[in-house]
Amino acid sequence: VVSTGFRRLTLVGLAGPFRTIIDGLSSGPVVELGAEAVELVGFTLTNGAHPDGAGVLVSGGSPTLRNLIISNGMGRGVRAAGGGTVTLENVLISGCSTEELGGGLLVTEGTTLRGSNLRVCGNDASDGGGIAIESGDAMLTNVILGANRASVGDGGGILVADGAEVALYNAVLYGNEASGSGGGARGPAETGSLTIQSSIVSVNTATSGGGVWGEYGRIDIVDSDLYG
């Protein structure tokens with residue numbers, strides 16, 4: 001619906017996300033970003049349809065997404081690719097689904113994700129129901145991962161693939177579900193790392209490791225509470 005091409009651009013919904021709504025009408029990604037520096041502020045992006053990114057499809061550059069609601073996507077909510085740095089601030093991603101990785105958000109192609117005040121809730125994927133970090137790194141502060149589902153495999157709340165580096169600070173992982181391992185979080189199998197600090201992991205379910213599951217990759221859990 002909205003494509004920036006390869007230009008610098010700032011789009012602002014002056015009335016805020018509850019009154020400024022872009023409806024994708026199930027015709028493709030609601031927003032496609034490929035520019036070096038784009039800011040998207042104050043919108044609801046809803047009813048997109050694209051297997052890679054129904055809400056926001058980032059193919060390059062280093063965009064900033066701020067004060068957004070991304071909802072009801074036929075496909076993952078956000079795909080962050082292209083190797084730049086994608087920044088999410090005060091963003092809600094909900095009701096998105098894909099048969100692949102990352103129902104709410106996928107980070108891939110060596111991309112860096114920086115997020116604060118991020119809520120990823122009620123999304124569905126084969127693996128990484130809420131978030132999947134396939135390659136690259138992520139640092140997320142004040143994040144809620146709730147009621148997401150990995151319907152086939154691992155990582156109901158978040159999946160960290162081999163080689164990825166992920167840190168969650170002041171996070172809540174609650175009520176997520178995985179058919180395989182890691183209802184709340186699935187750490188890397190061999191290389192890479194997952195840090196969970198000053199966080200709560202509670203009431204997540206999986207076949208193995210309802211809260212957090214890992215194999216040989218590094219997992220650090222610091223000053224955090226884990227409940228059943």
Side-chain angles (χ1 to χ4, degrees), residues 48-55 70-81 92-108 113 115 118-136 138 140 143-168 171-196 199-221 224-228:
H50 194 284
D52 284 337
I70 300 168
S71 64
N72 299 331
M74 295 174 60
R76 59 180 62 95
V78 177
R79 180 179 187 262
L92 167 64
I93 304 172
S94 68
C96 299
S97 63
T98 178
E99 296 180 354
E100 301 179 355
L101 291 174
L105 170 63
L106 172 68
V107 177
T108 188
L113 175 68
L118 176 64
R119 291 167 292 162
V120 182
C121 302
N123 303 284
D124 193 286
S126 63
D127 297 84
I131 298 174
I133 311 298
E134 184 177 39
S135 69
L140 305 177
V143 57
I144 297 174
L145 304 177
N148 301 289
R149 184 172 72 113
S151 59
V152 176
D154 306 328
I158 185 169
L159 171 72
V160 182
D162 277 352
E165 306 283 342
V166 176
L168 306 177
V172 176
L173 285 69
Y174 179 86
N176 301 286
E177 175 186 352
S179 295
S181 60
R186 172 62 155 87
E190 296 184 5
T191 62
S193 68
L194 169 63
T195 299
I196 299 174
S199 298
I200 297 172
V201 182
S202 179
V203 199
N204 302 283
T205 60
T207 301
S208 302
V212 180
W213 176 264
E215 295 183 46
Y216 301 106
R218 179 171 178 170
I219 297 179
D220 295 317
I221 300 176
S224 296
D225 296 321
L226 279 70
Y227 301 99

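- The distance from the CD1 atom of I93 to the CD1 atom of I70 is 4.5 Å, given to the nearest 0.5 Å.
- R79 contributes atom CZ, which lies 4.5 Å from atom CG of D52 (distance to the nearest 0.5 angstrom).
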*Apply side-chain contact (heavy atoms from CB on, under 4.5 Å) to the pair V212 and L173, showing each step before the final yes or no.*
CA-CA 10 Å; V212 180; L173 285 69; 5.8 Å; no

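- Across all their heavy atoms, A161 and P188 have their closest contact at O-CB, 3.8 Å.
- Considering all non-hydrogen atoms of both residues, G180 and A206 come closest at O-CB, 3.5 Å.
- Checking each of V152, L159, D154, T98 against S126 for a side chain to side chain contact (heavy atoms under 4.5 Å, CB included) leaves exactly one that passes, namely V152.
- The nearest pair of heavy atoms linking G102 to A125 is N-CB, 3.8 Å.
- Remark: L118 CG to L105 CG distance equals 7.0 Å, nearest 0.5 Å.
- Residue pairs meeting the salt bridge (charged side-chain N to carboxylate O under 4.0 Å, His left out) criterion with at least one partner in residues 120-131, sequence neighbours excluded, are D124-R149.
- Considering every non-hydrogen atom in both G156 and A178, the closest pair reads N-CB, 3.7 Å.
- Checking side-chain atoms of S193 against main-chain N and O of I219 turns up no donor-acceptor pair under 3.5 Å.
- A donor-acceptor pair is defined here as one N or O able to donate and one able to accept, closer than 3.5 Å; such a pair exists between the side chain of S224 and the backbone of S199.
- Although no hydrogens or angles enter the test, the distance criterion places a donor-acceptor pair under 3.5 Å between the side chain of N148 and the main chain of N123.
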*asked:* Would V166 and V107 count as a side-chain contact (heavy atoms from CB on, under 4.5 Å) here? Give the steps.
replied: CA-CA 11 Å; V166 176; V107 177; over 6 Å; no

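- Distance check, rounded to the nearest 0.5 Å: OG1 of T195 to CG of L140 gives 11.5 Å.
- Across every non-hydrogen atom of N204 and Y174, the tightest pair is OD1-C, 3.5 Å.
- Among residues two or more places apart in sequence or in another chain, the side chain to side chain contact (heavy atoms under 4.5 Å, CB included) test is passed with S179 by none.
- Of the inter-residue distances, the one linking I158 atom CD1 with I133 atom CD1 reads 5.0 Å to the nearest 0.5 angstrom.
- Remark: H50 NE2 to R76 CZ distance equals 10.0 Å, nearest 0.5 Å.
- Annotation: salt bridge (charged side-chain N to carboxylate O under 4.0 Å, His left out) contacts involving residues 203-219, sequence neighbours excluded, comprise R186-E215, R218-D220.
- Between W213 and G182 the shortest heavy-atom distance is CB-N, 3.5 Å.
- The main-chain N or O of L145 is found under 3.5 Å from a side-chain atom of N176 such that the two form a donor-acceptor pair.
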